Amino acid sequence: MNTPDKVRVRIAPSPTGNCHVGTARTALYNMLFARKYGGKFVLRIDDTDLQRSTKESEEGVLEGLRWLNIKWDEGPDVGGPYAPYRQMERQHTYRQVAEQLMAQGDAYHCYCTPEELEAERKAALAEGRPPRYSGKCARLTDEERARLDASGAKRVVRLKVPETTLSFVDLVRGEQHKNMAERGDFVIIKSDGSPVYNFATVVDEHLMEITHVFRAVEHLTNTFDQLAVYHAMGWAPPQFGHLTLMLNPDRTKISKRAGAVYIGEFREMGYLPEALVNFLALLGWNPGTDQEIFSMDQLVEAFSVETLSKSDAIFDIKKLDWFNGVYIRSLTVADLASRVKPFMEKAGFDVSDQARLEAAVSLITDRINKLTEAPDMIGFLFTKEIEISSDAFLGKGKIGPDQAREALARSREALAALKEWEHETVESALRGLADQMRWKAGDLLMQVRIAITGRRVTPPLFESLVLLGKDESLRRIGQALAVLGD
RNA sequence: GCUCCCAUGGUCUAGAGGCCUAGGACACCGCCCUUUCAAGGCGGCAACACGGGUUCGAAUCCCGUUGGGAGCGCCA
């Protein structure tokens, strides 16, 4: 791989309103590469032909990338020396290049209708031939063209594709060849005057002086079409590297039906951006060591084109969950609290007391893998009304209603007698009581746990009691007794 | 149909001819710890798609088969 003095890479998403994980991963790799070699990372919006593309839909993509801490040096929002960065704003450039190609005799107008072409394609497929444009419009005489133009026939511009074999060295897959004889002349400018992707992208890459193009494998075979344009224009192509696909568990291309695919969805599901980045980085690339946890800076340091993988990878959300848990546990309490906060608010809890929130959060760092799990875990500390059903107390048939009632009544008594409401005092009171009653401490604590939280799975009990406060704790035990019908 | 790409446990992968009795991680299972649940520690289950070559020796190289994928658009 050659790394020119100034590396320039790019990501060219379509403004679809959402940032797809695939786009995010490709953007990540490009950014890592740029930073690794001290180059520039360009964000360009590929909005040709997307009538519905709006400012908002573009913003959705940028927002997803920003959330992941993927930053670009040039783009529609930040500008740059190669502006504009939206293809819609570069239309005249594409047309100019197409004009030049026509003037050189490397491109021509084609008047075939979509219906004709479709029929030809079908016929070819039916006969087992690769679908290929016949090139008949290239043979039109000047008079025929004049007549067609006068009649107002729609026309596109096609590139004359030489019948030779084109080659390039793919940065991840090595040498690639394709015999263009079977390709046929393809469209570069549509009848509405807008450029086709394979054409626009070449013009942009060249004018923006992109040196390396890392993109998904679906573009591997497109590369030859693009090469044809580079050759016709006498431009030196950049180096290409084709990245693997991300797959659903059934090995089909990752899609909505199998789960989340947009960055915003992962955010809502309670994933941390740094965890998603780490996970995505390792899905299609590996550091060549056993290290799995990487900060963004470490990724930049470790990234290498040589270890980009060649085979597609299944997106395993279970592994993402693990990464997320690791990152949650690595956060400071204050940081975790601020990230948990919006999820608590969304669940309807008043978490304006920052100190209380932090105290509560510190109890669950080891207990959650996703931020969305927090409200369930610590919600009882931020509300007056917890729901308890009498069934909750009857653990595995071991403890009957009478026993539960006795346990709670005596617990309330023992706790009420406490002068100091602290972890140690609360703990010894309850453990002492369990001894007296000849209960296993765990059984007694479970009764109290349910009484104050309404659940069997909760943060540690003594800490919870302390945070709840004596009055509220006693009140809830009383309330539980009422539920049990004392 | 044609062209091209890919192929190590359920999943992500290490492995660039002998270091492989195939390593790590997730998931799963078990044990320990333990006030629930986790987290943590320890241990376990589990793979070179198949068939031919080449070689003293192949997960690693070659060919074929099979399986999966991409492209062949006035989509990007």
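Atoms considered below: every heavy atom in the structure, side chains included; atoms not considered: hydrogens, waters and symmetry mates. Note that the coordinates shown come from a computational prediction; the quantities given were computed from them, not determined experimentally. Letters A, B, ... mirror the listed sequences (proteins, then strands); counts begin at 1.
Here A:Gly284 lies in heavy-atom contact (under 4.0 Å) with sugar-phosphate atoms only. Contacts of A:Val156 with the nucleic acid, taken as non-hydrogen atoms under 4.0 Å apart, include base atoms. Heavy atoms of A:Asn222 sit under 4.0 angstrom from at least one base atom. At a threshold of 4.0 angstrom between heavy atoms, the contacts of A:Arg455 with the nucleic acid are absent. At a threshold of 4.0 angstrom between heavy atoms, the contacts of A:His219 include nucleobase atoms, whether or not backbone atoms are also involved. A:Phe315 comes within contact range of no nucleotide atom at all, as no heavy-atom separation falls under 4.0 Å. Within the 4.0 angstrom heavy-atom criterion, no nucleotide atom of any strand lies near A:Leu320. Counting non-hydrogen atoms under 4.0 angstrom, A:Pro13 reaches nothing in the nucleic acid. Base contact: A:Leu461 has a heavy atom under 4.0 Å from a base atom. At the heavy-atom level, A:Ala313 lies under 4.0 Å from the strands shown only through sugar-phosphate atoms. Contacts of A:Glu463 with the nucleic acid, taken as non-hydrogen atoms under 4.0 Å apart, include base atoms.
Closest to the side chain of A:Leu220, out of B:C4, B:C74, B:U35, is B:C4. Side-chain proximity of A:Lys190 to B:U13, B:C75, B:G73: nearest is B:C75. Set against B:U3, B:U35, B:C37, the side chain of A:Val457 has B:C37 as its closest nucleotide. Closest to the side chain of A:Pro460, out of B:U35, B:C74, B:G10, is B:U35. Here the side chain of A:Asn286 is nearest to one of B:A70, B:U11, B:A14, namely B:A14. The side chain of A:Ser311 lies closest to B:U8 when the candidates are B:U36, B:A76, B:U8. For A:Arg329, the listed nucleotide lying nearest its side chain is B:A39; candidates were B:U36, B:A70, B:A39. Among the nucleotides B:U35, B:C74, B:U13, the one closest to the side chain of A:Arg449 is B:U35. Picking from B:C12, B:A39, B:C5 the nucleotide with the shortest atom distance to the side chain of A:Gln176 gives B:C5. With B:C72, B:C75, B:C6 as the candidates, the nucleotide lying closest to the side chain of A:Lys310 is B:C6.
When the P atom is used for both B:G67 and B:C32, the distance is 48 Å, rounded to whole Å. To the nearest whole angstrom, the two C1' atoms, one in B:G10 and one in B:C4, are 30 Å apart. For the C1' atom pair drawn from B:A38 and B:A46, the interatomic distance equals 26 Å after rounding to whole Å.
A salt bridge links A:Glu205 to A:Arg44: at least one charged side-chain nitrogen sits closer than 4.0 Å to a carboxylate oxygen. Classification of A:Asp335 and A:Arg339 as a salt-bridged pair holds, one side-chain N sitting under 4.0 Å from a carboxylate O. Between A:Arg455 and A:Asp376, at least one side-chain N (NZ, or NE/NH1/NH2) sits under 4.0 Å from a carboxylate O, which counts as a salt bridge. Looking at A:Asp312 and A:Lys253, no side-chain N of the basic residue comes within less than 4.0 Å of a carboxylate O on the acidic one, giving no salt bridge. The pair A:Arg132-A:Glu163 meets the salt-bridge criterion, since a charged nitrogen lies less than 4.0 angstrom from a carboxylate oxygen.
At a cut-off of 3.5 angstrom, the base of B:C37 holds at least one donor-acceptor pair with the side chain of A:Arg367. In terms of polar N and O atoms assigned as donor or acceptor, the side chain of A:Lys319 comes within less than 3.5 Å of the base of B:A25 in a complementary pairing.
Pairing of B:A46, defined by two Watson-Crick or G-U wobble distances under 3.5 Å, is not identified with any nucleotide. Across all strands shown, B:U54 remains unpaired; no Watson-Crick or G-U wobble contact has both distances below 3.5 Å. Pairing for B:U11 is with B:A25, a Watson-Crick or G-U wobble pair whose two hydrogen-bonding atom distances lie under 3.5 Å. The nucleotide B:C4 finds its pairing partner in B:G69, both defining distances of the Watson-Crick or G-U wobble pair being shorter than 3.5 Å. Base pairing of B:A16 is not made with any nucleotide, judged by Watson-Crick or G-U wobble geometry with both donor-acceptor distances under 3.5 Å. The partner of B:A38 cannot be assigned: no Watson-Crick or G-U wobble pair with both contacts below 3.5 Å exists in any strand.
Regarding A:Asp290, its CG atom lies at a distance of 12 Å from the P atom of B:G23, rounded to whole Å. The interatomic distance linking A:Arg251 (CZ) with B:U66 (C1') rounds to 15 Å, in whole Å. Rounded to an integer number of Å, the gap from A:Glu424 CD to B:U35 P is 15 Å. Between the C1' atom of B:C4 and the CD atom of A:Glu182 lies a distance of 10 Å, rounded to the nearest Å. Rounding to whole angstrom units, CG of residue A:Leu171 and P of B:C5 are separated by 16 Å.
Just one residue in the list A:Thr453, A:Val448, A:Val466, A:Val426 forms a side-chain contact (heavy atoms from CB on, under 4.5 Å) with A:Leu461, and that residue is A:Val448.
Between A:Ser309 and A:His177, the residue anchored closer to the 5' end of RNA chain B is A:His177, taking for each the nucleotide with the nearest heavy atom. Residue A:Thr289 is the one, among A:Gly442 and A:Thr289, whose nearest nucleotide of RNA chain B lies closer to the 5' end (criterion: closest heavy atom).
Side-chain contact between A:Pro76 and A:Glu58: present, with at least one pair of heavy atoms (C-beta onward) separated by less than 4.5 Å.
Ring geometry for A:Tyr230 versus A:Phe240: interplanar angle over 60°, hence perpendicular rather than tilted (30 to 60°).
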